[in-house]
Q: 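Encoded as C-alpha cells, here's the structure I'll be asking about.
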Amino acid sequence: MTTYFDKHGPLHVSGTQLVDANGTPVQLRGVSTLGLAWYPEFVNEAGFRTLRDDWGANAVRLAMYTQEEGGYMTGGDKAGLEALIEKGVGICRDLGMYVIVDWHILSDGNPEIHADAAEDFFRRMSAKFAAEPHVLYEICNEPNGAGVTWPVVKGYAQRIIPVIRANAPKAVVLCGTPNWSQDVDLAAADPLDIENVMYSLHFYAATHKDGLRDKAEAAMAAGAPIFIDEFSICDASGDGILDYDSAAAWRALIQKHGLSYIAWSLSNRDESAALIRADSAKTSDWGDSDLTETGTWFRNVLREDK
C-alpha cells in the first residue's frame with residue numbers, strides 16, 4: 001500500500017502550514033501514548049498498524065515523561081525509555097507513519113530545570129534519527145507555573161533547537177507554550193527566528209472553549225504555525241465529562257485551518273481521556289467493545305478525515 005509518508009515524505013513549515021516538498025499542505029492525525037514507562041505494551045507494531053489501517057491515523061506521539069513516576073529524570077530506566085522510543089520510531093518508519101519524540105515536561109513546569117539533560121537527550125536522539133525524515137521533535141510538552149513566561153520558554157528553545165539542527169537540519173520541531181501549551185498568542189507576538197518550528201496548542205474540550213479557540217485564531221492570524229499535539233474531549237484533568245459540543249467547535253477550527261492533531265491517550269487507564277477501556281487487555285485490533293466513549297468518538301473522526 002502507499003502510505004502517508006510515501007505520499008508526502010519529509011515535511012517543512014511554510015507560513016502557518018505544515019507542507020511536503022511540493023508545498024502540498026499536510027495534516028498529521030494520530031494518537032499520543034500515555035507515559036512510556038507506564039504503558040510500554042502499547043508501543044507495538046500490531047497496535048500502530050491498527051491505528052493506521054482501521055482508524056486512519058498517520059502519526060504517533062511518543063510521550064516520555066521527565067519528572068513523574070518512572071520519569072527520565074526521576075529514577076526511570078533511561079536506557080529502557082530510549083530503547084522504547086527507538087522501537088516506536090522504527091515501527092512508524094516501517095508503517096509509513098510520522099512520529100513525534102516528546103520530552104514530556106509536566107510537573108517540572110519550567111523546561112530550564114532539566115535543560116542540560118534535554119540538550120544531551122536531543123543531541124543523541126537527533127543523531128540516532130538523523131536519517132529518519134518521518135521524525136518530529138517536541139522539546140517541551142507543557143511549560144507551566146509561576147515565572148514560566150514565554151521569554152523563559154523561548155530561551156530554552158533557542159538552546160535546544162540548534163542541538164537538533166546540528167544532526168537533523170530540516171526536522172520539524174514543536175515548541176510548547178506557557179500555561180500548559182495554551183498561550184500560543186504570546187509566541188505569535190515574539191516568535192522564534194528559526195525555520196521549521198511550530199507552536200504547541202493543547203486543549204481539553206470540556207475545559208477549554210471559546211477563549212482558547214480565540215487565542216488560536218489570533219495566533220494564526222499573526223502568522224504563528226500551530227500544531228495541536230495533545231487534546232481530548234473531557235476536562236483538563238484527563239477525566240470527567242465529555243463535551244461533544246465544544247469538541248465539535250474545536251473540530252470545526254481544526255478543519256478550517258487544516259491543523260494537525262494528536263489525541264490523548266493510547267492507553268487503557270481508567271479515565272475519560274483513555275481511548276481503550278480499562279477492562280480491555282488488548283494492545284491492538286481493537287473492536288467496538290474495547291473502546292471508551294472517547295476512543296469511539298476519535299476513531300470516527302479519524303475515519304472521516306482520512
Side-chain angles (χ1 to χ4, degrees), residues 32-38 61-74 76 100-119 121-122 136-161 173-192 197-216 218-219 224-240 246 250 261-265 269 271-273:
S32 176
T33 67
L34 192 49
L36 291 175
W38 307 335
R61 177 184 188 234
L62 302 172
M64 187 187 72
Y65 279 89
T66 49
Q67 190 154 298
E68 278 62 34
E69 180 181 357
Y72 194 82
M73 300 304 304
T74 48
I100 300 167
V101 176
D102 167 30
W103 182 257
H104 199 85
I105 288 168
L106 185 61
S107 65
D108 29 352
N110 189 334
E112 292 286 0
I113 292 174
H114 299 305
D116 290 346
E119 183 176 338
F121 173 82
F122 282 111
L136 295 78
Y137 299 92
E138 183 176 354
I139 61 173
C140 50
N141 164 60
E142 288 186 350
N144 67 86
V148 184
T149 61
W150 172 242
V152 170
V153 178
K154 184 178 182 181
Y156 167 83
Q158 289 169 325
R159 174 180 178 182
I160 301 301
I161 295 173
V173 174
L174 310 178
C175 182
T177 54
N179 193 27
W180 292 273
S181 284
Q182 295 173 61
D183 289 346
V184 288
D185 53 328
L186 301 181
D190 181 24
L192 287 157
V197 172
M198 305 187 81
Y199 301 104
S200 299
L201 175 68
H202 294 181
F203 74 83
Y204 284 78
T207 300
H208 306 121
K209 303 188 179 184
D210 286 343
L212 188 52
R213 288 189 284 270
D214 290 345
K215 274 190 181 185
I226 301 300
F227 193 119
I228 298 173
D229 48 15
E230 183 181 314
F231 84 93
S232 188
I233 60 173
C234 57
D235 68 37
S237 71
D239 209 1
S246 179
W250 276 108
Y261 58 88
I262 304 291
W264 185 264
S265 69
R269 190 175 188 172
E271 64 180 12
S272 300

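We use all heavy atoms of the structure for the numbers below, so side chains are in, but hydrogens, waters and symmetry mates are not.
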Q: Can you measure from OG1 (Thr66) to CZ (Phe121) and round to the nearest 0.5 angstrom?
A: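 Between Thr66 OG1 and Phe121 CZ, I get 10.5 Å after rounding to 0.5 Å.
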Q: Return the CZ to CG distance between Arg159 and Asp116, rounded to the nearest 0.5 Å.
A: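 Taking CZ in Arg159 and CG in Asp116, the distance rounds to 4.5 Å.
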Q: Test Glu230 against His104 for side chain to side chain contact (heavy atoms under 4.5 Å, CB included), laying out the working first.
A: CA-CA 11 Å; Glu230 183 181 314; His104 199 85; 3.5 Å; yes
Q: Would you find a donor on one side and an acceptor on the other, under 3.5 Å apart, between the side chain of Thr33 and the backbone of Ala63?
A: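 Yes, because the side chain of Thr33 sits within donor-acceptor range (under 3.5 Å) of the backbone of Ala63.
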Q: Taking the six-membered ring for Trp, are Tyr65 and Trp38 closer than 6.0 Å centroid to centroid?
A: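 Here the rings of Trp38 and Tyr65 have centres that are less than 6.0 Å from each other.
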Q: So, for Trp250 and Phe203, is the gap between ring centers shorter than 6.0 Å?
A: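 Ring-ring flag for Trp250/Phe203: true, centres closer than 6.0 Å.
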Q: Is there side-chain contact between Tyr72 and Leu36, with heavy atoms separated by less than 4.5 Å?
A: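 Contact flag for Tyr72/Leu36 side chains = no.
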Q: Would you name the heavy atoms of Leu192 and Lys154 that are closest together and state the gap between them?
A: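 Answer, listing the atom of Leu192 first, then Lys154: CD2-CG, 3.6 Å.
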Q: How far does SG of Cys140 sit from CD1 of Ile113, to the nearest 0.5 angstrom?
A: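 It comes to 12.0 Å.
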Q: With rounding to the nearest 0.5 angstrom, report the OG to CZ distance, Ser32 to Phe231.
A: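 It is 11.0 Å, given to the nearest 0.5 Å.
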Q: Enter the distance from His202:NE2 to Glu142:CD here, rounded to the nearest 0.5 Å.
A: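 Result: 5.5 Å between the selected atoms.
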Q: Applying side chain to side chain donor-acceptor pair (under 3.5 Å), can you list everything that pairs with Ser181, at least two apart in sequence or on another chain?
A: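 Residues passing side chain to side chain donor-acceptor pair (under 3.5 Å) with Ser181: none at all.
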Q: Taking the six-membered ring for Trp and the single ring otherwise, decide whether the centroids of Tyr204 and Trp264 are under 6.0 Å apart.
A: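 For Tyr204 and Trp264, the ring centres are not under 6.0 Å apart.
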Q: What heavy-atom pair brings Asp235 and Gly240 nearest, and what distance separates the two atoms?
A: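 Of all heavy-atom pairs spanning Asp235 and Gly240, the closest is OD2-CA, 3.6 Å.
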Q: Evaluate the criterion side chain to side chain contact (heavy atoms under 4.5 Å, CB included) for residue pair Val101 and Glu138; output intermediate values, then yes/no.
A: CA-CA 6 Å; Val101 176; Glu138 183 176 354; over 6 Å; no
Q: Report yes if the side chains of Val153 and Pro178 come closer than 4.5 Å at any heavy-atom pair, otherwise no.
A: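 Sidechains of Pro178 and Val153: in contact.
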Q: Is a donor on one side and an acceptor on the other found under 3.5 Å between the side chain of Asn141 and the backbone of Trp103?
A: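 No, Asn141 side chain to Trp103 backbone: no donor-acceptor pair under 3.5 Å.
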Q: How long is the straight-line distance from CG of Leu136 back to CZ of Phe227, given to the nearest 0.5 Å?
A: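 Result: 6.0 Å between the selected atoms.
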Q: On a heavy-atom basis, which atom in Ala189 and which in Pro191 lie closest, and how many Å separate them?
A: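 Smallest interatomic distance, heavy atoms only, reads C-CD, 3.7 Å.
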Q: Do Asn144 side-chain atoms and Leu106 backbone N/O form a donor-acceptor pair below 3.5 Å?
A: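 It does hold such a pair.
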Q: Got Ser237 and Glu271 here, is their nearest side-chain heavy-atom distance under 4.5 Å?
A: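 With C-beta onward as the side chain, the pair stays apart.
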Q: Checking the side chain of Glu68 only, and the main-chain atoms of Ser107 only, is there a donor and an acceptor separated by less than 3.5 Å?
A: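 Between the backbone of Ser107 and the side chain of Glu68 there is a qualifying donor-acceptor contact (under 3.5 Å).
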Q: What heavy-atom pair brings Ala117 and Met73 nearest, and what distance separates the two atoms?
A: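 Residues Ala117 and Met73, closest heavy atoms: CB-SD, 3.4 Å.
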Q: My understanding is that only residues two or more places apart in sequence, or in another chain, count here; which of them pass side chain to side chain contact (heavy atoms under 4.5 Å, CB included) with Ala187?
A: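 Side chain to side chain contact (heavy atoms under 4.5 Å, CB included) list for Ala187, sorted by chain: Trp150, Thr177, Tyr199.
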Q: Do any pairs count as a salt bridge (Lys or Arg N to Asp or Glu O under 4.0 Å) and have a residue in residues 100-113, sequence neighbours left out, and if so which ones?
A: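 Only Arg61-Asp102 qualify under salt bridge (Lys or Arg N to Asp or Glu O under 4.0 Å).
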Q: Count the heavy atoms of every other residue, nucleotide or ligand shown that sit under 6.0 Å from CD of Glu69, and state whether that count exceeds 12.
A: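 Count not over threshold, so no.
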Q: Which atom names give the shortest non-hydrogen contact between Val184 and Lys215, and what distance separates them?
A: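 So the minimum-distance heavy-atom pair works out to CG2-O, 4.0 Å.
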Q: Taking all heavy atoms of Val148 and all of Pro143, pick out the closest pair and write down the distance.
A: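 Smallest interatomic distance, heavy atoms only, reads CG1-CB, 3.8 Å.
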